[in-house]
Amino acid sequence: MTDQTAKKRENKVLRRNEYYAIQDVFDGLYAKSKQGAIFTDLMSLITSPQNIALAYRRIKRNKGSRTPGTNMGTIEQIAERGNDILVDYVQRRLANYKPHPVRRVMIPKDNGKERPLGIPTIEDRLIQQCILQVMEPICEAKFHKHSYGFRPNRNTHHAISRFRFLAFTVKLEYVVDIDIKGFFDNVDHSKLLKQIWSLGIHDKNLLCVISKLLKAPIQGEGVPSKGTPQGGILSPLLSNIVLNELDWWISNQWETFPSKFPYRWDGDRCAALKKTKLKEMYLVRYADDFKIFCRNKKDAKRVKIAVEKWLMERLHLETSPEKSKITNLCRHYSEFLGLKIKLEERPKQNVIISHMSDKAKKKVTDKLRKALWDARGNEDKARNLNMKIRGMHNYYCVATRVSKDFWEIYFHLLKTLKHITRSHGKIGPPLSEFQKRRYGNYHGRRYLIGTVVIDPIYAVTFTIPYGFKQEICNYTEEGRQLIHKRLTHLEVIFRYLAEHPLQHESIELNDNRISRVSAQRGKCAITKKQLTVYDMRVHKIYPNGGDGYRNIDIVSRDAYELIHTKDIARAKELIEKLLSEGLWNENALKKTNNYRILVGNTIIE
DNA sequence: GATGTGACGAC
RNA sequence: CUUGUCGUCACAUC
């Protein structure tokens with residue numbers, strides 16, 4: 001029992017360390033890529049034990065990890081092999097990579113057609129995950145900020161927020177829609193490899209592996225000449241690499257047009273640009289679904305033709321003329337990510353009107369009717385139904401007129417609702433705590449299945465979609481801080497520290513660590529910054545001075561490195577960074593130097 | 001904060 | 001018999 005828990009804890013600490021070690025490597029890739037570095041040896045990183053271990057853990061938690069590919073392998077069989085054997089296996093496979101064939105599965109799309117999936121074997125999915133982990137930080141640094149699909153920390157609501165911004169705030173009425181015919185199935189392989197190259201990935205071995213991966217034979221169909229397998233782990237990233245070029249091409253026409261003069265503010269730059277022949281255009285893209293915003297119809301027409309031509313010539317992608325169109329937002333709705341959005345003219349300022357798209361509304365109605373029917377007389381399924389309703393509310397609440405849409409849906413479902421539930425009128429049994437919090441001001445009729453109160457279908461309130469904070473990023477310390485809800489509240493930190501003792505240190509040090517954090521009120525001894533548990537390091541004042549309370553200080557990650565680094569250039573870099581964050585002053589320098597002497601380093605500055 | 005179930009949405 | 005990425009939510013565990 002105690003043995004087991006001890007082992008568990010050991011594992012956890014091991015995993016944490018392993019994760020942090022490799023996270024620093026990914027951070028480094030991101031930073032270097034931002035500076036325009038060229039990467040020639042990524043394969044050694046891809047096949048490193050830490051990377052493979054991380055890939056294994058990531059892939060294990062996927063729902064599909066238990067569904068087999070063309071060989072019957074599932075995650076369990078991989079798990080049995082143990083890490084060392086796994087590492088060895090991946091390294092050997094990649095030395096002369098020959099992907100297994102992918103399994104063909106057809107899944108129905110909502111419009112009745114079928115979408116082909118290509119499911120690689122579990123081993124190949126693992127290898128793709130290894131590659132993804134290394135390529136992603138490099139690519140993320142180069143991607144355009146207004147591409148939102150398949151990217152870490154970004155979602156549809158961010159894209160919708162951008163749409164609102166362009167239509168409402170920038171006041172652009174014309175929207176160009178271009179539909180790429182079967183985008184995923186038509187990606188040009190050699191073009192894609194060139195695009196990867198131009199992102200700074202010059203590792204010939206890696207490019208070779210990717211090329212082979214794209215040409216993995218499809219069961220029953222042979223070797224594909226184009227397209228990236230839908231179902232492959234790497235595919236979403238590859239699709240973004242392809243269309244990233246489009247993002248920047250459009251963006252460089254106006255938004256990020258490389259001008260010779262450093263304009264003092266954006267207004268100046270815009271005014272100057274308006275005098276040129278350039279057309280004003282902005283892009284918002286979610287995977288292969290993108291909109292280009294223009295000021296007037298003439299521009300829109302020209303942009304549409306230009307982009308279609310560019311896609312054909314440059315990326316060898318066909319567009320479908322029936323689905324591509326120009327919309328005047330003041331006259332018609334434009335559909336985007338399940339919503340339809342338009343502008344309504346008002347004397348002072350136009351307002352944004354958004355609804356669920358007709359397709360989405362129908363889909364939601366059908367799904368709920370089915371779930372409702374399914375749930376009759378079964379409380380568990382009724383709770384399940386509530387989750388469905390919540391999920392849908394959660395997504396569509398960013399449409400300004402959602403409540404109207406859901407009222408219609410409710411109206412359509414009324415008959416079913418009455419048929420399968422007991423209605424307790426407006427009083428009924430109390431709402432659950434969650435429902436009270438969420439639908440507090442709902443005073444309508446209540447419907448019950450058994451004792452479960454069904455979430456009020458039309459009680460949705462519009463929630464403004466927030467834009468993406470561009471500083472948020474997985475590959476910088478600052479970016480991660482913004483993701484984590486600040487874990488600075490002291491009680492939470494204490495609990496965490498108690499539960500996660502430092503593995504290689506004594507009990508005494510672990511106890512004193514907690515006391516020290518308390519004494520410093522969770523702040524760094526050098527920079528005085530509020531620390532999160534991930535930013536926290538224990539510094540021993542005298543390296544051989546023991547684990548006593550007076551010999552340790554709590555410092556931030558950066559400060560810790562600053563004390564211990566022998567590399568003066570790196571130290572300067574860190575100081576620069578702290579300076580820019582307003583965390584550096586005379587005192588901090590003095591203190592750092594005191595510490596540096598004690599650990600046997602030279603004084604800085 | 002990290003794991004793990006379950007659900008929802010976009011593509 | 002349905003993959004993948006991303007995001008959100010609830011619950012549980014630490």
Side-chain angles (χ1 to χ4, degrees), chain A residues 5 8-9 11-13 15-16 19 57-69 102-110 114-122 125 128-129 132 136 147-160 183-184 228-240 285-290 336-339 356-357 360 363-364 367-368 371 380 383-398 432-434 437-438 463 465 468 474 480-481 483-489 492-493 495-500 532-536:
Chain A
T5 47
K8 225 180 193 177
R9 179 182 289 170
N11 263 335
K12 201 175 231 173
V13 174
R15 271 196 245 143
R16 276 166 47 78
Y19 180 75
R57 275 190 288 121
R58 292 245 174 108
I59 217 142
K60 196 176 67 169
R61 54 176 175 229
N62 285 341
K63 200 176 136 213
S65 63
R66 280 179 297 274
T67 55
V102 295
R103 190 158 66 101
R104 247 297 176 259
V105 175
M106 293 301 208
I107 61 161
K109 285 207 295 190
D110 43 329
E114 282 186 323
R115 166 196 300 231
L117 287 182
I119 305 168
T121 60
I122 190 75
R125 290 209 293 265
Q128 289 194 30
Q129 179 69 36
L132 173 71
E136 199 181 58
S147 141
Y148 295 94
F150 303 132
R151 289 187 58 190
N153 309 315
R154 296 164 187 240
N155 61 29
T156 46
H157 290 175
H158 294 135
I160 291 165
F183 170 66
F184 282 92
T228 154
Q230 295 192 62
I233 295 195
L234 210 49
S235 296
L237 181 71
L238 296 180
S239 79
N240 269 335
R285 182 168 75 79
Y286 194 97
D288 62 337
D289 194 350
F290 61 91
F336 192 47
L337 304 174
L339 305 190
M356 294 169 70
S357 73
K363 211 160 87 185
V364 164
K367 270 196 174 169
L368 284 184
D380 278 344
R383 273 186 274 272
N384 196 277
L385 166 70
N386 275 348
M387 285 182 199
K388 284 198 169 82
I389 296 173
R390 276 165 214 176
M392 287 162 173
H393 283 175
N394 213 348
Y395 184 74
Y396 292 106
C397 67
V398 292
S432 70
E433 279 310 308
F434 174 82
R437 206 172 348 117
R438 183 139 169 175
T463 315
F468 180 73
N474 277 2
R480 276 193 292 272
Q481 299 278 327
I483 302 166
H484 307 319
K485 284 163 207 134
R486 286 239 172 119
L487 197 56
T488 53
H489 199 56
V492 188
I493 292 180
R495 220 186 66 193
Y496 183 91
L497 295 179
E499 281 165 7
H500 301 262
T532 65
V533 288
Y534 292 103
D535 205 16
M536 208 172 266

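Values reported hereafter were calculated over all heavy atoms of this structure, with side chains retained and with hydrogens, waters and symmetry mates removed.
Rounded to whole Å, the distance from NE2 on A/His393 to C1' on C/rG7 is 19 Å. Note: CD1 (A/Ile389) to C1' (B/dG9) measures 15 Å, nearest angstrom. Distance CE (A/Met356) to P (B/dC8): 15 Å, rounded to an integer number of Å. What separates CG of A/Leu368 from P of B/dC8 is a distance of 10 Å, to the nearest Å. The separation between A/Ile233 atom CD1 and C/rC6 atom C1' is 14 Å, rounded to whole Å. Between the CD1 atom of A/Ile160 and the P atom of B/dG9 there is a distance of 14 Å, rounded to whole Å. Between A/Tyr148 atom OH and C/rU8 atom P the separation is 15 Å, expressed in whole Å.
For the pair A/Leu368/A/Met392, a side-chain contact is recorded, criterion being any heavy-atom separation below 4.5 Å from C-beta on.
With sequence neighbours left out, the side-chain hydrogen bond (donor to acceptor under 3.5 Å, both in side chains) criterion links A/Gln129 to no other residue. Remark: A/His157 pairs with no residue by the side-chain hydrogen bond (donor to acceptor under 3.5 Å, both in side chains) rule, at least two apart or across chains. With sequence neighbours left out, A/Phe183 forms a ring-ring contact (aromatic ring centres under 6.0 Å, His included) with no residue at all. Residues that satisfy the side chain to side chain contact (heavy atoms under 4.5 Å, CB included) test with A/Met387, not counting sequence neighbours, are absent from this structure. Taking A/Asn394 as the reference, nothing meets the side-chain hydrogen bond (donor to acceptor under 3.5 Å, both in side chains) condition, with sequence neighbours excluded.
In this structure, A/Lys363 reaches the B/dA10 phosphate: one of its side-chain N or O atoms is under 4.0 Å from OP1 or OP2. Proximity of A/Tyr396 to the phosphate of B/dA10: a side-chain N or O atom is located under 4.0 Å from OP1 or OP2. Distances shorter than 4.0 Å separate some side-chain N or O of A/Asn153 from OP1 or OP2 on C/rG7. When the side-chain nitrogen and oxygen atoms of A/Lys388 are compared with OP1 and OP2 of B/dC8, one or more of them lie within a distance under 4.0 Å. Between A/Arg125 and C/rG4 there is a side-chain polar atom (N or O) within less than 4.0 angstrom of OP1 or OP2. At least one side-chain nitrogen or oxygen of A/Arg103 sits closer than 4.0 Å to the OP1 or OP2 atom of C/rU2.
Ranked by how close their nearest DNA chain B nucleotide is to the 5' end, A/Asn384 and A/Asp289 are led by A/Asn384. The 5' end of RNA chain C is approached more closely, in terms of each residue's nearest nucleotide, by A/Leu234 than by the other of A/Leu234 and A/Asn155.
Among the atoms of the strands shown, only primed sugar atoms or phosphate atoms (P, OP1, OP2) are found under 4.0 Å from some heavy atom of A/Gly232. Note on A/Leu337: only backbone sugar-phosphate atoms sit closer than 4.0 angstrom, heavy atoms only; bases stay farther off.
The side chain of A/Leu117 sits closest to C/rU3 out of C/rU5, B/dC8, C/rU3. Counting only heavy atoms from C-beta on, A/Tyr286 has its side chain closest to C/rC6 among C/rC6, B/dC8, C/rG4. In this structure, of B/dG9, B/dA10, C/rU3, it is C/rU3 that holds the atom nearest to the side chain of A/Ile107. Among the nucleotides C/rU2, B/dG9, C/rU8, the one closest to any side-chain atom of A/Val105 is C/rU2. Closest contact between the side chain of A/Pro236 and the listed nucleotides C/rU5, B/dA10, C/rC9 involves C/rU5. Of the candidate nucleotides C/rU5, C/rU8, C/rU3, C/rU3 has the atom nearest to the side chain of A/Ile119.
With a 3.5 Å limit on both pairing distances and Watson-Crick or G-U wobble geometry required, the stems of 3 or more pairs in RNA chain C span B:1-11 with C:4-14.
Below 30°, between 30° and 60°, or above 60°: for A/Phe184 and A/Phe150 the angle between ring planes is above 60°, a perpendicular geometry.
Within the 3.5 Å criterion, the main-chain N or O of A/Leu117 finds a donor-acceptor partner in the side chain of A/Arg104.
Atom P of C/rU3 sits at a distance of 13 Å from the matching atom of B/dG6, rounded to the whole Å.
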